[in-house]
Colleague: 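Quick one: the structure is below, questions incoming.
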Protein chains: 2
Amino acid sequence: MTSFTEENYLKAIFHLCENKNGLAVSTNELAEITQTRAASVSDMLRRLSEKELILYKKYQGVTLTEEGKSIALKIIRKHRLWEVFLVEKLGFGWDEIHEIAEELEHIDSKVLTERLDNFLGNPKFDPHGDPIPDEKGNMPSQVSFKLSEAVINTELVMLGVSEDSAPFLQHLDKLSLHLGAKLRVLDVSGYDQSLHIEINKAGTIHISKEVACSILVSKK
Amino acid sequence: MTSFTEENYLKAIFHLCENKNGLAVSTNELAEITQTRAASVSDMLRRLSEKELILYKKYQGVTLTEEGKSIALKIIRKHRLWEVFLVEKLGFGWDEIHEIAEELEHIDSKVLTERLDNFLGNPKFDPHGDPIPDEKGNMPSQVSFKLSEAVINTELVMLGVSEDSAPFLQHLDKLSLHLGAKLRVLDVSGYDQSLHIEINKAGTIHISKEVACSILVSKK
DNA sequence: ATAAAAATTTAGACTAATCTAAAAATTTAT
DNA sequence: ATAAATTTTTAGATTAGTCTAAATTTTTAT
């Protein structure tokens with residue numbers, strides 16, 4: 001059995017690996033996102049390594065074994081399914097769901113997860129546009145890139161966000177930037193790289209480089 | 001903050017007190033239903049007492065303080081709401097939900113609980129007929145008694161069960177004994193106190209004294 | 001290439017929750 | 001009313017997960 005805490009480490013390793021295209025993750029990176037100290041991480045890595053959930057060489061960072069990856073994907077599947085439930089069924093905003101899903105993701109019942117998936121209509125993406133792994137851990141893939149990297153004047157669709165902090169999502173709400181919005185970059189400032197964009201052919205706004213970096217789009 | 005474990009002790013104390021009409025609960029009783037040893041219980045009681053969640057005098061048993069009772073009722077509220085969700089929305093049988101609800105009851109979000117309650121249509125009873133406390137901890141009351149205590153030939157309605165083990169509930173399913181069924185006791189055996197009962201004026205069955213003791217009914 | 005800086009691990013301690021074994025208090029039975 | 005049986009508590013250990021401080025390894029910079 002894997003504890004709540006172990007599951008959180010596996011999930012953290014998975015997400016960090018993903019952002020680095022499979023490169024090993026360092027103790028300090030893990031300490032930062034798990035909000036603990038490097039010493040505690042070292043200790044946990046030793047234990048996870050004994051359980052063969054991670055590949056760990058002292059001082060050399062860590063990656064997941066197939067079994068570790070499988071566990072991480074199950075947690076992520078549950079996290080994202082519960083997020084869909086919270087938004088679609090209970091009417092939560094996308095900025096209110098992360099912390100609750102952090103708890104729900106540890107509920108341990110295969111049959112519950114599968115029934116929930118069906119109840120929700122087998123969604124492929126969560127309310128932030130993140131792909132929901134299937135029962136076997138396969139992720140639906142979606143070709144997207146940062147809005148900040150888009151070619152000017154191309155027609156785009158907003159598919160996701162790469163940050164899910166409440167302040168960021170509330171900021172997007174204020175700007176009427178929602179998943180599915182049709183976007184077009186009109187201009188990029190030479191001064192601060194802020195973007196002038198058109199939304200749904202209905203109006204235009206200015207957004208900072210930081211915001212544009214955390215919005216994921218595809219060509220229409 | 002109360003831990004997962006502390007919440008389980010408070011809940012256990014609440015249920016045991018309820019069954020004894022408010023009398024203090026003993027260390028051994030708690031050890032049995034929490035599946036631990038008396039020594040572990042003693043230790044936990046000392047801690048809960050320091051937090052003023054229970055009234056505890058060494059060797060004299062334990063009752064809940066108002067604050068302890070309030071926490072217990074919140075857990076019970078969540079447990080029973082989630083059970084309704086599992087049955088009404090996800091199609092689980094009443095014999096499959098206890099263990100899952102034991103996990104879900106610890107999810108800590110007031111707003112989630114209230115939205116779930118609304119989503120479910122503010123149910124007053126769970127799938128076993130147990131009353132769901134409201135936000136303030138008030139229980140809807142329902143006058144019921146054991147089927148084993150019913151007067152012969154009286155028209156009755158099945159309102160609940162006082163046991164929720166899967167084998168017991170599956171046994172009731174096999175006998176078509178469901179909440180809301182109209183029952184009438186035709187005869188009680190002088191030999192083993194088994195009951196001959198009529199269900200929904202559609203047929204009759206024989207049930208053991210043990211089963212009849214765990215079925216709650218009211219006069220129609 | 002080696003010294004300084006940064007990252008990581010080890011050592012030793014702490015807390016929550018548990019255990020067994022032994023001691024103490026209460027209850028029961030004669 | 002007192003001895004025996006039962007219940008409960010205490011003492012001392014254990015495990016998971018954390019911490020700080022110190023030691024060690026790796027990386028960076030000259």
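In what follows, chains are A, B, ... by sequence order, proteins preceding strands, each numbered from 1. Every value quoted in this text rests on a predicted model; they were computed, and no experiment measured them.
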Colleague: With a cut-off of under 6.0 Å to the ring centre and 45° to the axis, is Lys89(B) in cation-pi contact with Phe119(B)?
Modeller: yes
Colleague: Mark yes or no: Arg80(B) above the aromatic ring of Phe125(B), with NZ or CZ under 6.0 Å from the six-membered ring centre and no more than 45 degrees from the axis.
Modeller: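 Output no; distance or angle outside limits.
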Colleague: Would you please name every residue forming a salt bridge (charged side-chain N to carboxylate O under 4.0 Å, His left out) with Glu149(A), sequence neighbours left out?
Modeller: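 Expected list: none.
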Colleague: Would you please name every residue forming a salt bridge (charged side-chain N to carboxylate O under 4.0 Å, His left out) with Glu103(A), sequence neighbours left out?
Modeller: none
Colleague: Do the side chain of Lys20(A) and the main chain of Ala24(A) share a donor and acceptor less than 3.5 angstrom apart?
Modeller: yes
Colleague: Quick check: do Ile76(B) and Lys11(B) have side-chain heavy atoms less than 4.5 Å from each other?
Modeller: yes
Colleague: Residues two or more places apart in sequence or in another chain: which of them pass side chain to side chain donor-acceptor pair (under 3.5 Å) with Thr2(B)?
Modeller: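 In terms of side chain to side chain donor-acceptor pair (under 3.5 Å), with neighbours along the sequence ignored, Thr2(B) is linked to Glu7(B).
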Colleague: Give every donor-acceptor pair under 3.5 Å between a side-chain atom in residues 44-57 of chain B and any protein atom, sequence neighbours left out.
Modeller:
residue, atom, partner, partner atom, Å
Arg47(B), NH1, Asp43(B), OD2, 3.2
Lys51(B), NZ, Met1(B), O, 3.1
Lys51(B), NZ, Glu6(B), OE1, 3.2
Lys51(B), NZ, Glu6(B), OE2, 3.0

Colleague: Examine the side chains of Glu163(A) and Ser165(A) and answer whether a donor and an acceptor come within less than 3.5 Å of each other.
Modeller: yes
Colleague: Please check the phosphate of dT18(D) (OP1 and OP2 only) for any side-chain N or O of Arg37(A) closer than 4.0 Å.
Modeller: no
Colleague: Could you check which residues of residues 27-36 of chain B get a heavy atom under 4.0 Å from DNA chain C? Sort them by number, please.
Modeller: Thr36(B)
Colleague: Please collect all ring pair (Phe, Tyr, Trp, His ring centres under 6.0 Å) contacts where either partner lies in residues 2-50 of chain A, sequence neighbours excluded, each pair once.
Modeller: Phe4(A)-His106(A)
Colleague: Could you list the residues that satisfy ring pair (Phe, Tyr, Trp, His ring centres under 6.0 Å) with His178(B), not counting sequence neighbours?
Modeller: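 So His178(B) forms no ring pair (Phe, Tyr, Trp, His ring centres under 6.0 Å) with any residue.
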Colleague: Any luck finding a side-chain donor-acceptor pair between Glu29(A) and Ser26(A) under 3.5 Å?
Modeller: yes
Colleague: Supply the atom-to-atom distance Ile97(B) CD1 to Glu102(B) CD, rounded to the nearest 0.5 angstrom.
Modeller: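 Rounded to the nearest 0.5 Å, the CD1-CD separation comes out at 11.0 Å.
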Colleague: Listed in order of residue number, which residues of residues 101-109 of chain A have a non-hydrogen atom at under 4.0 Å from DNA chain C?
Modeller: none
Colleague: Which parts of residues 4-13 of chain A get close to DNA chain D, meaning a heavy atom less than 4.0 angstrom away?
Modeller: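 Going residue by residue through residues 4-13 of chain A, the ones with a heavy atom under 4.0 Å of DNA chain D turn out to be Thr5(A), Tyr9(A).
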Colleague: Report the C-alpha separation of Ile132(A) and Arg77(A) in whole Å, then their side-chain angles, then the decisive distance to 0.1 Å, and conclude whether the side-chain contact (heavy atoms from CB on, under 4.5 Å) test is met.
Modeller: CA-CA 5 Å; Ile132(A) 301 176; Arg77(A) 170 167 167 76; 4.3 Å; yes
Colleague: Does anyone know the first and last nucleotide of DNA chain C in reach of chain A, 5' to 3', at under 4.0 angstrom to a heavy atom?
Modeller: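 So the contact region on DNA chain C extends dA7(C) to dT10(C).
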Colleague: Please enumerate all residues that pass ring pair (Phe, Tyr, Trp, His ring centres under 6.0 Å) together with His128(B), with sequence neighbours excluded.
Modeller: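 In terms of ring pair (Phe, Tyr, Trp, His ring centres under 6.0 Å), with neighbours along the sequence ignored, His128(B) is linked to no residue.
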Colleague: What parts of residues 38-64 of chain A reach DNA chain D, counting only heavy atoms under 4.0 Å away?
Modeller: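 Under 4.0 Å from DNA chain D: Ala39(A), Ser40(A), Asp43(A), Met44(A), Arg47(A), Tyr59(A), Gln60(A).
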